[in-house]
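Read the structure below first, then the notes.
Every heavy atom of this structure was used, including side-chain atoms; hydrogens, water molecules and symmetry mates were not. Throughout, residue positions are numbered sequentially from 1 according to the sequence presented.
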Amino acid sequence: MEISKKYAVQMRGITKYFGNTKALDSVDLDIEKGEIHAILGENGAGKSTLMNILYGLYSADGGEIYLNGEKVYIKNPNSAIWNGIGMVHQHFMLIEKFSVLQNIVLGNETTDKFGIINMREAKKKVLDIIDKYGMKVDLKKKVKNISVGMQQKVEILKALYRGADILILDEPTAVLVPQEIDELMDVIENLKKDGKTIVIITHKLKEIKKSSQKCTIIRKGKFIECIDVKSESEQSLAEKMVGRKVKLLVDKSKANPGEKVFEIKNLTVKCEKGVERVKNLSLEVHRGEIYGLAGVDGNGQKELLECIISKKYAVSGQILINGKEIQNTSVRNVLNNKVSVIHEDRHKDGAILDMSVADNAILEKYREYPFNQRGFLIYEERDKFTKKLIKEYDIRPVDCEYTKIRNLSGGNQQKLIIGREIANDPELLIAVQPTRGLDVGAIEYVHKTLINLRDKGKAILLISLELDEILSVSDKIGVIYDGSIIGELDQEEADENNVGLLMAGGNKND
C-alpha cells in the first residue's frame, strides 16, 4: 500500500530484536485518520512492542514510520508527543500523592513571565477537555483515592492535554470492571467523533467487535492481515489471532464434589482505616469443586484474600484448611498448609520483576529439595524446572529462563506465575483474576488447567470480576456484596441476569 496523507499512521518493515530474539519481523501497519483500529495478537506476539516503537519508548532495528504521509523519526516519547501521539500504558504512570489535576499538567505546566505555574489556566483547559469528551473526573482528589477506571481517564486526559491526535491504548479494559468498560467505550466513541485516531492494543474480542472498524493481526512478531471487523465473528477473530481453532466456551463434565477442604466461618475483617470490609462472611469449598466468587470490585474481595493468606488479621471468625485453623498466622504457614495463590496484581504480589524468570519460577520452593541441597541452590534443578514450565505453559520466548521477568509480556509473566502455583500441588488453589491480560488461546488453556485440577480432586476458589469466567468455569457461585455472601447458586441455576442482580445488591428471588 502506498504512502498517503489519508493515513494517520503508516509503519513499514518494522523489525526489532531483543538480544537474539526477533520480536518484530518486518511488520507493516496502516491506520486511517479518525478510525478506531485494533492491534490483535497473542501474548508475546509483539503488538505492544510495535506501539512502543511508535511512541518512542523503543528504537526499531529496521523500518520506517510515516505520520500523515510524511516520514518521521521518533527517538523518544517527547518526540512522539510533539508529533501528536499519546499513549496510555497498561500499568499507569501516575503519582499517587498528587491530585488528579497535578498529574494531568505535570511536565507540561503553563507558567507566567515570572515562571510561576498558572494552575487556574491549566484547570480551565482540562475542564474544557472533560466537558468536550464527556468524562466525569474530580480534579481535586488524590490519585491514591480514586478507582482504577478513574486513573485510566486521568491518563487519557494527560495525553489530550498535551495535544494528542493519535491515542494508543494498551490493553485498556484489562483492569476495568464492566461498568467502567462501558464508560471507556463512550469516551473512545466521543474521541472518534472529534476526529481523533485511536489505536487499541488488545486480545479481548468483545471489545474489538464493539469499538473498532479495522483490526491488524500480529502473530509471533509477523504481520498476518488487516481485516474489517464487521465482517468477522469473535470465533474467526480468535482463530486468526492464534492460528488454530479455539473453543471460546469451556468444555467440562459435571462436578462430583468430595469432602470439605476449605471453610470460612463468620469472618470479619477491617481495612487500614478501621472500617469493616468483610462482614460475618461464611463459605466452603469442597474437593473436586470450583467455587466462583463473583462481585463488583471493592466489595471486600481484597481484604478477604489478604486475611486468608494472613497478610491481614481477622477481627473475628475462622479460616480452616482440612479442619486446621490458619487465620492470623503467617504467609509462610498458609503456604505450608498447601494453599497456593494466583494473585491479581502480578507485578506487586506475583513476581520480583528484577529477578530472572528462573528465580521467579522457584520463588516459593528455593528452600526445598531438590532446589536447595545442604544450603546451596542447585541451579541445574532450578533451570530444569523452569524449562518444564516454559514448555508446558507456552511461555515466550522459549529461551527466557535467564531473562528478567519484567522483560516478558504481561501475559507471559502471568503464565509463569500460574504454572508455578499449580506446580506447588496445592490442596486449595485461590485464583484471583487468573486470566487478566491473557489472550483467548491462553485463557482456554488456563480454564482447562483449572478444570483438570478440579477433576484431580483439588479445591479451587476462583475470585473474578469477569462474569463470563465465573459462569463458565464455576461449579458453585457465591456473590459477595458489601463484604458478605448475599447469595449462592449452583451452576445450573446461575445466569447473567440472576448473578448480575445479586452483584448489584438485589435478591435472587426478586
Side-chain angles (χ1 to χ4, degrees), residues 177-178 250 252 254-269 276-309 312 314 316-322 326-327 339-344 426-436 447 450-451 453-454 458-510:
V177 298
V250 181
K252 64 173 185 172
K254 186 175 173 60
N256 185 24
E259 71 270 21
K260 183 165 52 185
V261 171
F262 180 67
E263 185 176 14
I264 298 175
K265 292 182 178 179
N266 305 317
L267 188 70
T268 297
V269 185
E276 288 186 0
R277 302 292 292 145
V278 178
K279 304 172 184 177
N280 203 36
L281 182 145
S282 298
L283 63 82
E284 56 187 52
V285 188
H286 293 249
R287 198 173 296 282
E289 175 183 66
I290 299 175
Y291 184 106
L293 188 64
V296 176
D297 195 22
N299 275 281
Q301 297 97 319
K302 175 177 174 285
E303 290 79 10
L304 174 62
L305 176 66
E306 288 178 343
C307 189
I308 291 173
I309 63 175
K312 190 179 292 295
S316 59
Q318 295 174 293
I319 303 172
L320 302 101
I321 182 83
N322 290 321
I326 58 170
Q327 79 276 358
V339 177
S340 287
V341 183
I342 300 166
H343 286 279
E344 175 183 11
E427 284 285 286
L428 172 73
L429 176 68
I430 305 174
V432 188
Q433 298 286 98
T435 58
R436 172 171 281 179
H447 287 168
L450 293 178
I451 291 161
L453 277 177
R454 179 205 74 171
K458 301 297 183 182
I460 298 167
L461 174 60
L462 170 65
I463 304 174
S464 180
L465 305 178
E466 300 281 353
L467 186 51
D468 288 347
E469 181 167 64
I470 290 284
L471 291 170
S472 61
V473 178
S474 307
D475 303 306
K476 189 172 185 178
I477 297 169
V479 180
I480 186 169
Y481 179 80
D482 194 26
S484 301
I485 302 293
I486 64 166
E488 288 187 336
L489 305 97
D490 291 325
Q491 187 192 31
E492 293 81 3
E493 62 175 323
D495 59 36
E496 199 168 304
N497 290 328
N498 55 24
V499 176
L501 179 66
L502 287 169
M503 287 170 65
N507 189 305
K508 68 179 181 179
N509 298 316
D510 287 351

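- Residue Ile486 holds its CD1 atom at 10.0 Å from CE of Met503, rounded to the nearest 0.5 Å.
- Arg287 is linked by a salt bridge (charged side-chain N to carboxylate O under 4.0 Å, His left out) to Glu259, Glu427, counting only residues two or more places apart in sequence or in another chain.
- With sequence neighbours excluded, the residues that form a salt bridge (charged side-chain N to carboxylate O under 4.0 Å, His left out) with Lys260 are Glu263, Glu284.
- The CG atom of Leu450 sits 13.5 Å away from the NZ atom of Lys458 when rounded to the nearest 0.5 Å.
- Ile430 contributes atom CD1, which lies 13.5 Å from atom CD of Glu344 (distance to the nearest 0.5 angstrom).
- Ion pairing between a basic and an acidic side chain is recognised when a charged N comes within 4.0 Å of a carboxylate O; Lys254 and Glu492 show such pairing.
- Without hydrogens or angle criteria, Arg277 side chain to Asp482 main chain gives no donor-acceptor distance under 3.5 Å.
- Although no hydrogens or angles enter the test, the distance criterion places no donor-acceptor pair under 3.5 Å between the side chain of Ser484 and the main chain of Leu281.
- Salt-bridge formation is detected for the pair Lys252/Asp475: a Lys NZ or Arg NE/NH1/NH2 atom is positioned less than 4.0 Å from an Asp or Glu carboxylate oxygen.
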Inset, instruction - Give the C-alpha distance, both sets of side-chain angles, the deciding distance and a yes or no for side chain to side chain donor-acceptor pair (under 3.5 Å) between His447 and Glu469. - result: CA-CA 9 Å; His447 287 168; Glu469 181 167 64; 2.8 Å; yes

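- When side chains are defined from C-beta on, Phe262 does not count as touching Leu320, because their heavy atoms never get closer than 4.5 Å.
- Counting only distance, with no hydrogens or angles, the side chain of Gln327 and the backbone of Ile319 share a donor-acceptor pair below 3.5 Å.
- By the 4.0 Å N-to-carboxylate-O rule, Glu488 lies close enough to Lys476 to be salt-bridged with it.
- For the pair Glu496 (side chain) and Leu467 (backbone), a donor-acceptor distance under 3.5 Å is absent.
- Here the straight-line distance linking atom CG of Asn497 with atom CG of Leu502 works out to 11.0 Å at 0.5 Å rounding.
- Shortest non-hydrogen contact noted between Ala294 and Val499 is CB-CG1, 4.1 Å.
- Counting only distance, with no hydrogens or angles, the side chain of Glu306 and the backbone of Glu303 share no donor-acceptor pair below 3.5 Å.
- Listed for the Thr268 side chain is a donor-acceptor partner under 3.5 Å among the backbone atoms of Asn280.
- In this structure, the side chains of Lys302 and Asp297 stay at 4.5 Å or more apart for every pair of heavy atoms.
- In this structure, Asp495 contributes its side chain and Asn498 its backbone to a donor-acceptor pair below 3.5 Å.
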